[in-house]
Amino acid sequence: MAAEPQLHRHRPVFHGWWIVAVFAITQTVGYGALYYAFAVLLHPIATDLHTTPAAVTGALTTAILTWAAAAVPIGRWLDRHGGRALMTTGSLAGAGLLVAWSQVHTVWQLYLVFTGLGAAMAMALYDAATAVVVSWFDPARRAKAILAMIVVAGFASTIFMPVTGILNDRYGWRTTLLILAALYAAIAVPLHALVIRRPPTRPNPVGGPTPARRQAVVRAAVRDRRFWYLAFAFVAHGAAMSTATVHLVGFLISKGHPATFAATTAGLLGVLSVTGRLVLTGAQRRLRLSSVVAGIFTVQAVAALSLPLTAGTRTGAVIAVTGFGLGFGVASLAAPALLADRYGTTAYATIAGTLAAPVTLAKAAAPLGAAILYSAGGGYTPVVTAIGGACLIATAGILARATAPAPANMSPELSGQ
């Protein structure tokens, strides 16, 4: 009898938590190498290629356009086949394209590489990872699992923007990219290949998810007005976040701050995004999720609109960036929760991909539009004002029809909740 309690002590860990742990690592390195490094290397690349920052920013726009085009097909693949092959291939391609990026000598070569990078990011970063996590966890544990992944990955900018700046100062941007490629390949490829798998099939009184059931769920979602209000909100917010990611360093430098301070302060967005996600998770236990998200977006709007007035000093810059950073990563937690709670998990990846497509298009266009606004407006003040305005628009979209019931034909059996 004494040995019986020992059996309970060695109960195996639910495999979904191993997947969450892997994604916490691979998303941190993936976003750091494939996405956040760009903002730090933007001006050195423009100088080396004898072109303008706007032209180089257009390469990132190309990548995000590709990402948007791939969102729905990748969502359908994930619903049908799971994430192992897709995310392993995406991380391998991402590492190879970082190497190719380090060897470009013309703008057209840069754009070609970033077209491939967009596809690789769609296959290996948050959208795919979140869909895998959602498929593994029931509603009671889903938010905790997503939070565990993105709290760690929220440090990607905090870690990689300063590190990329240091590597660039010592070795130049080309060698920096080679180092990032080796790091990403060594970590993401084996972890994705060895740990990701499809979840065990859950009992369902009407049978497992079929293509017809998935299509019915997707049709019900896209006919729901609330879905499009959410899309409206996350499009505006995604545009604001993408613009800040690319242009915040340049804005702080334009205010007279050294490049190292600018990169480090911009890197605070990662730490603050973690804080914002923790605030969101704690507050939604007492308040409606949409109300908490709207409140955070409003704080961001105020912080962004204050930047032209406060960022002239280091203290003012840090305070404003702190306020803005509280909502920097909220969408990555709020969107999955809002979608899965309303539409279930049977076709989650396809519905999320449908939402991600316009959001990603906005992320693609916004930095380039901001670069044009910067050139036409004579500085960064119009850019940060536009960021603040977009956050206010996002607030309105989150609150619109927030209490409306789910579509009448979204039964638990059909939606997979």
Side-chain angles (χ1 to χ4, degrees), residues 23 27 30-31 34-35 63-87 89-91 93-94 115 117-137 142 146 149-150 192 196 198-199 209-224 226-239 241-242 331-365 397 407 410 414-417:
F23 285 161
Q27 297 304 296
Y31 265 94
L34 300 177
Y35 190 75
I64 302 178
L65 287 172
T66 307
W67 192 339
V72 174
I74 284 175
R76 290 173 181 159
W77 174 279
L78 287 163
D79 280 331
R80 295 174 184 174
H81 306 291
R84 182 179 183 181
L86 182 81
M87 297 189 71
T89 302
S91 53
T115 301
L117 270 176
M121 289 189 286
M123 295 166 70
L125 295 185
Y126 266 155
D127 294 339
T130 301
V132 171
V133 172
V134 166
S135 73
W136 269 89
F137 290 88
R142 188 179 297 140
I146 295 173
M149 174 181 71
I150 64 179
H192 285 165
I196 299 174
R198 300 203 73 177
T210 64
R213 285 198 182 94
R214 293 191 186 101
Q215 290 173 9
V217 173
V218 172
R219 283 196 300 270
V222 298
R223 292 171 181 171
D224 182 18
R226 173 63 174 162
F227 175 83
W228 294 108
Y229 282 122
L230 290 175
F232 182 76
F234 289 119
V235 162
H237 192 258
M241 299 308 99
S242 179
S332 60
L333 182 60
L338 290 167
L339 292 180
D341 289 348
R342 191 169 181 85
Y343 307 114
T345 60
T346 294
Y348 169 83
T350 303
I351 295 170
T354 303
L355 176 64
V359 172
T360 310
L361 285 172
K363 290 180 179 179
M410 293 292 293
L414 184 64
S415 63
Q417 288 189 5

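This chain uses plain numbering: 1 for the first residue, then up along the sequence. Computed from a predicted model, the values in this text were never measured in an experiment.
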Self-check item: A128 to L78 - nearest heavy-atom pair and separation
Solution: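 Scanning both residues, the minimum pair turns out to be CA-CD1, 3.7 Å.
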
Exercise. Specify the closest pair of heavy atoms between A124 and S91, including all atoms of both residues, with the distance to one decimal.
Key: CB-N, 3.8 Å

Quiz prompt | All ring pair (Phe, Tyr, Trp, His ring centres under 6.0 Å) counterparts of W228, not counting sequence neighbours | solution =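 Here no residue qualifies.
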
So do the side chains of [X] and [Y] get within less than 4.5 Å of each other, counting heavy atoms only?
{"X": "R142", "Y": "D341", "result": "yes"}
{"X": "M87", "Y": "V132", "result": "yes"}
{"X": "V217", "Y": "Y348", "result": "no"}

Practice problem: Verify side chain to side chain contact (heavy atoms under 4.5 Å, CB included) between I146 and F137, making sure each step is shown before the conclusion. | Solution: CA-CA 9 Å; I146 295 173; F137 290 88; over 6 Å; no

Exercise. Please answer whether the main-chain N or O of K363 pairs with a side-chain N or O of S242 as donor and acceptor at a distance below 3.5 Å.
Key: yes

Exercise. Check for a donor-acceptor pair, side chain of R198 on one end and backbone N or O of R80 on the other, with a separation under 3.5 Å.
Key: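 Checking the backbone N and O of R80 against the side chain of R198, a donor-acceptor pair under 3.5 Å is found.
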
Practice problem: Could you tell me how the ring of Y343 sits relative to the ring of F227: parallel (under 30°), tilted (30 to 60°) or perpendicular (over 60°)? | Solution: perpendicular

Quiz item: Are the aromatic ring centres of Y31 and Y126 under 6.0 angstrom apart?
Solution: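 Ring-ring flag for Y31/Y126: true, centres closer than 6.0 Å.
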
Quiz prompt | Pairing residues for S332 by the side chain to side chain donor-acceptor pair (under 3.5 Å) criterion, not counting sequence neighbours | solution =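 Checked S332 against side chain to side chain donor-acceptor pair (under 3.5 Å); matches are R277.
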
Quiz item: With sequence neighbours left out, what residues match T130 under side chain to side chain donor-acceptor pair (under 3.5 Å)?
Solution: none

Exercise. Determine the sole option in T350, I74, I351 for which the side chain to side chain contact (heavy atoms under 4.5 Å, CB included) test with D79 is passed.
Key: T350

